[in-house]
Amino acid sequence: MKKGREKMFDSVIIGAGVAGCVAARELAEAGKKVLVLEQRDHIGGNCYDEKDEHGILIHKYGPHIFHTKAQRAYDYLSRFTEWYAFGHEVVANVHGRLIPVPFNLNTLHMVYEKEEADVLEKKLVDAFGMETRVPILKLREHEDPQIRQIADYVYENIFLHYTMKQWGQTPEEIDPAVTGRVPVLISYDNRYFQEPYQGMPLKGYTPMFEAMLDHPGITVETGVDARSRLDFRGNQVFFDEEAFTGEVIYTGPLDELFDCRFGRLPYRSLNFEFEYLNQEDYQGHSVVNYTVSEAFTRITEFKYLTGQKAPGTTIVREYPFAYTGAEGEIPYYSIASEENQKLYEKYQALLAGIPNVYLLGRLAEYKYYNMDAMVLRALKLTDRIQGHCS
Ligand code: FAD
Ligand code: UDP
């Protein structure tokens with residue numbers, strides 16, 4: 001079996017998340033024989049969904065809503081799924097009251113009396129224009145004290161406590177791009193995302209990835225930690241003890257590929273607490289963010305995401321914590337900082353002389369990517385590989 005492995009597979013892909021699945025499909029369609037190794041017992045990575053014991057379709061690793069402005073990403077996934085299209089909305093529970101997030105002009109009119117809200121709305125529109133997006137940290141620096149007053153409300157009631165729970169740090173301490181993902185919207189749009197394409201794969205994420213990997217050129221092995229089959233010696237990568245000259249695309253954590261020899265790259269992790277309730281509805285919304293209270297950040301009620309009709313309902317609460325690398329913990333969010341980037345680059349340098357090993361994905365690149373960005377990056381990489389090969 002081992003002998004001739006190099007001839008059996010042209011490419012080895014580690015991890016069957018979005019990054020690995022798209023890369024595998026692309027290389028297989030280019031005529032390569034591709035082996036995908038996945039350490040979990042299922043494909044789909046963190047986008048994996050399944051029916052729970054009550055028949056409710058749940059997202060095992062947290063709620064995933066596809067959204068993009070990139071036609072290429074949408075068209076690519078549309079080859080493997082139809083869509084349940086909807087505009088995702090989120091509300092924040094602020095001392096028991098539910099208000100739309102991102103904070104927008106509807107929210108403004110809910111939290112201020114009409115007269116004051118009208119004045120503040122005019123100020124915001126004059127300052128930034130209609131249909132614009134203003135990061136909270138920028139709004140807080142505005143010269144107009146009344147605009148700063150709104151900013152202080154939003155900061156205190158939407159961002160500060162939620163961010164402390166999620167990151168263990170204040171909004172000022174984390175990379176501004178993170179809070180910038182949920183700006184203040186000078187708009188009456190209550191949707192969480194404003195991109196033209198958004199929704200859920202009609203039958204779920206897992207069937208979409210199954211369809212993607214369903215190609216005669218692709219072999220998938222689950223329950224395999226690829227590190228037990230890979231080795232680096234000199235400037236060569238060895239696979240199953242043999243020098244491997246095809247491409248190896250790694251989508252797992254880079255530090256773990258080298259046994260964390262320079263120390264662990266820091267991540268935030270999450271504990272998911274699922275609960276099935278024998279009632280038709282729990283919160284009337286897909287996602288409620290708890291921005292001033294509770295130890296969890298948010299509650300997702302899945303049937304509102306997927307459109308599933310069922311007599312009962314399943315919810316999940318998310319409890320963030322600092323990843324330690326202990327057995328069973330999952331690194332979800334890289335923590336962007338100069339220091340962490342330097343450590344990442346130290347690991348990256350270990351691969352500098354090995355041109356056929358590629359790092360791809362949210363873990364391997366130590367970067368926050370949404371699914372659509374991941375699709376695009378995987379397509380870019382495989383385009384590049386094919387360009388190099390031809
Ligand atoms: P992953 O999905 O993490 O896949 C990597 C795979 O590699 C995993 O399956 C892992 O088991 C495997 N692996 C790692 N090491 C090894 C090894 N040594 N051997 C074998 N296999 C290995 N994006 C959106 O667009 N919309 C959302 O609403 C959204 N919500 C999110 C909510 C949460 C809670 C989180 C954490 C992320 C969310 N994302 C969302 C981001 C989305 O999950 C990522 O863009 C996507 O999962 C990245 O895909 P990936 O393939 O890089 O990584
Ligand atoms: N955020 C917040 N309150 C909210 C929503 C978001 O403070 O109600 C901040 C928080 O720091 C979060 C970041 O904005 O990590 C990005 O939010 P997003 O919903 O994009 O996070 P993710 O989807 O990654 O969980």
Side-chain angles (χ1 to χ4, degrees), residues 17 40-67 84 86-101 157-158 161-168 182 190-193 198-209 267-324 326-333 371:
R40 295 178 185 168
D41 63 0
H42 60 72
I43 61 161
N46 289 342
C47 306
Y48 173 76
D49 55 11
E50 64 181 8
K51 289 221 164 138
D52 69 9
E53 56 179 337
H54 306 281
I56 309 287
L57 186 62
I58 59 159
H59 296 181
K60 189 169 173 185
Y61 307 98
H64 279 72
I65 298 100
F66 181 73
H67 55 100
Y84 167 58
F86 76 108
H88 179 54
E89 293 189 12
V90 174
V91 289
N93 182 317
V94 180
H95 305 297
R97 187 170 180 211
L98 300 182
I99 59 171
V101 171
N157 290 288
I158 311 269
H161 307 283
Y162 188 101
T163 299
M164 283 303 297
K165 286 190 270 185
Q166 178 76 1
W167 298 99
V182 188
N190 271 348
R191 294 173 307 163
Y192 203 64
F193 309 114
Q198 48 184 299
M200 314 291 286
L202 190 61
K203 291 184 177 151
Y205 286 97
T206 305
M208 177 177 80
F209 290 116
Y267 285 93
R268 295 294 287 175
S269 189
L270 295 168
N271 263 329
F272 294 104
E273 184 186 270
F274 288 86
E275 188 180 356
Y276 173 77
L277 299 154
N278 210 351
Q279 60 200 54
E280 193 161 348
D281 161 75
Y282 174 71
Q283 60 185 17
H285 297 271
S286 50
V287 176
V288 178
N289 287 358
Y290 283 76
T291 53
V292 291
S293 59
E294 312 298 342
F296 50 84
T297 48
R298 58 184 176 183
I299 299 183
T300 298
E301 185 167 3
F302 289 103
K303 62 203 295 193
Y304 287 102
L305 280 185
T306 58
Q308 187 178 359
K309 305 272 178 273
T313 194
T314 300
I315 60 169
V316 67
R317 297 180 182 84
E318 292 174 45
Y319 294 87
F321 65 97
Y323 175 71
T324 67
E327 184 77 26
E329 283 183 6
I330 296 177
Y332 285 110
Y333 296 97
M371 290 180 274

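Since we're looking at a predicted model, the values are computed, not measured.
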Provide the closest heavy-atom pair for [X] versus [Y] in the form atom of the first, atom of the second, distance.
X	Y	answer
Phe274	His59	CZ-O, 3.5 Å
Ile56	Phe302	CG2-CB, 4.4 Å
Tyr192	Val101	CD1-O, 3.4 Å
Ala295	Lys165	O-CD, 3.5 Å
Val288	Leu98	CG1-CD2, 4.0 Å
Tyr282	Ile315	CD2-CG2, 3.7 Å

Is there a side-chain contact between [X] and [Y] (heavy atoms, below 4.5 Å)?
X	Y	value
Phe193	Ile65	yes
Pro63	Leu305	yes
Asp49	Pro207	yes
His67	His88	no
Ser286	Glu89	no
Cys47	Phe209	yes
Ile330	Arg40	yes

| field | Test salt bridge (Lys or Arg N to Asp or Glu O under 4.0 Å) applied to Lys303 and Glu280, step by step | value | CA-CA 10 Å; Lys303 62 203 295 193; Glu280 193 161 348; 5.1 Å; no
Roughly how far, to the nearest 0.5 Å, is [atom2] of [Y] from [atom1] of [X]?
X	Y	atom1	atom2	result
Arg268	Trp167	CZ	CH2	8.0 Å
Met200	Phe66	CE	CZ	11.5 Å
Asn46	Met371	CG	CE	10.5 Å
Leu57	Gln308	CG	CD	6.0 Å

| Using the ring of each side chain (for Trp, its six-membered ring), is Tyr323 parallel, tilted or perpendicular to Tyr267, with breaks at 30° and 60°? |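 Geometry flag for Tyr267 against Tyr323: perpendicular rings.
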| field | Where at least one partner belongs to residues 287-300, residue pairs that pass side chain to side chain donor-acceptor pair (under 3.5 Å), sequence neighbours excluded | value |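 Every pair satisfying side chain to side chain donor-acceptor pair (under 3.5 Å) with a residue in residues 287-300: Arg298-Glu318.
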| request: Begin from the C-alpha positions of His95 and Asn157 and carry the test side-chain contact (heavy atoms from CB on, under 4.5 Å) through to its verdict. | output: CA-CA 9 Å; His95 305 297; Asn157 290 288; 4.1 Å; yes
| said: Do Glu329 and Ser269 pair up side chain to side chain, a donor and an acceptor below 3.5 Å, judged on atom types alone? | reply: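 Looking only at side-chain atoms, Ser269 and Glu329 do not form any donor-acceptor pair under 3.5 Å.
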| task | Run the numbers on Tyr319 and Leu270 for side-chain contact (heavy atoms from CB on, under 4.5 Å), then give the verdict. | result | CA-CA 5 Å; Tyr319 294 87; Leu270 295 168; over 6 Å; no
| message | Taking CD in Gln279 as the centre, count heavy atoms belonging to other residues, nucleotides or ligands within less than 6.0 Å. Is the count above 12? | response |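 Yes, the 6.0 Å shell around CD holds more than 12 heavy atoms from other groups.
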| query | So with a 6.0 Å cut-off around CD of Glu50, is the heavy-atom count from everything else above 12? | reply |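 Enclosed: over 12 neighbouring heavy atoms sit under 6.0 Å from CD of Glu50.
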| field | Glu301 and its side-chain contact (heavy atoms from CB on, under 4.5 Å) partner, picked from Thr313, Thr314, Val316 | value |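 Among Thr313, Thr314, Val316, the one meeting side-chain contact (heavy atoms from CB on, under 4.5 Å) with Glu301 is Thr313.
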| message | Assess the residue pair Gln283 and Asp281 against the criterion (side-chain contact (heavy atoms from CB on, under 4.5 Å)); give the C-alpha distance rounded to whole Å, side-chain angles, the decisive distance to 0.1 Å, and a yes or no. | response | CA-CA 6 Å; Gln283 60 185 17; Asp281 161 75; 5.7 Å; no
| request: Could you give me the CA-CA distance, side-chain angles and deciding distance for Tyr304 and Val287, then say whether side-chain contact (heavy atoms from CB on, under 4.5 Å) is met? | output: CA-CA 8 Å; Tyr304 287 102; Val287 176; over 6 Å; no
| task | Ignoring hydrogens and angles, tell me if any N or O in the side chain of Tyr205 forms a donor-acceptor pair with the backbone of His64 under 3.5 Å. | result |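 A pair under 3.5 Å: yes.
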